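Remarks on the structure that follows.
This one's a predicted model, so the numbers in the text were calculated from it and none came from an experiment.
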Amino acid sequence: GVAEVRDRAQLLFWSEEVRERHFAALRAFFGSCSSSSPPPAVAATTAAATAVEDKLEPPPDFLCPITQQLMERPVISPDGFSYEEAALQAWLALQGTSPMTGTPMAREPLVLNLSLRNAITHWKEQHHW
């Protein structure tokens with residue numbers, strides 16, 4: 001249900017934070033080991049870890065269920081799900097149903113999901129998107 005999805009999103013967010021701190025600690029440690037550049041193996045490992053970290057895909061809950069794109073302006077719809085605002089408005093104009101459940105759905109109210117937007121913005125900053 002919705003609570004399960006919310007819990008998964010929170011776990012993903014926390015795991016990203018832990019991962020960020022872990023890599024930051026490793027970089028700080030290896031950077032402070034010597035005044036010269038790290039040994040090639042360490043440099044290669046750090047570079048590979050950074051490359052993997054930078055290429056991470058967004059968490060699924062940050063993607064619009066309609067477009068499968070990272071949301072810029074997520075809104076909470078009457079069905080309780082979050083969608084990219086423009087995509088949902090276009091969907092409702094054509095379909096008039098919930099994209100997730102298929103049941104009839106009103107076009108309003110659509111409420112900007114500030115928490116989700118802030119989480120996406122934070123994730124984008126952390127991963128250089």
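Legend: salt bridge (Lys or Arg N to Asp or Glu O under 4.0 Å) pairs involving residues 118-129, not counting sequence neighbours, sorted by first then second residue: E72-K124. Every pair tested for salt bridge (Lys or Arg N to Asp or Glu O under 4.0 Å) that includes a residue from residues 93-115 fails, sequence neighbours excluded, so the list is empty.
Aromatic ring orientation, W123 versus W129: tilted (interplanar angle from 30° to 60°).
Partners of L94 by side-chain contact (heavy atoms from CB on, under 4.5 Å), not counting sequence neighbours: none found. The side-chain contact (heavy atoms from CB on, under 4.5 Å) check on P65 picks up Y83, M100, with sequence neighbours excluded. Listed by chain and residue number, nothing satisfies the side-chain hydrogen bond (donor to acceptor under 3.5 Å, both in side chains) test with T67 (two or more places apart in sequence, or in another chain).
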Check residues 85-92 and write down every donor-acceptor pair under 3.5 Å in which the side-chain atom is one partner and the other belongs to a residue at least two apart or another chain.
| unit_1 | atom_1 | unit_2 | atom_2 | d |
| --- | --- | --- | --- | --- |
| E85 | OE1 | R73 | NE | 2.4 |
| W91 | NE1 | T97 | O | 2.8 |

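Taken together through direct or relayed side-chain contacts under 4.5 Å among Ile, Leu, Val, Met, Phe, Trp and Tyr, L116 and L70 form part of one hydrophobic cluster. Put simply, M105 and I66 are part of the same group of oily side chains (I, L, V, M, F, W, Y) that touch within less than 4.5 Å, one to the next.
Closest non-hydrogen pair, T101 versus T103, comes out as OG1-OG1, 2.8 Å.
Note that NE2 of H122 is 8.5 Å distant from NE2 of H127, once rounded to the nearest 0.5 Å. Here SG of C64 is found 6.0 Å from CE of M71. Values are rounded to the nearest 0.5 Å.
By the 4.5 Å heavy-atom criterion applied to side chains, P109 and P78 are counted as neighbours.
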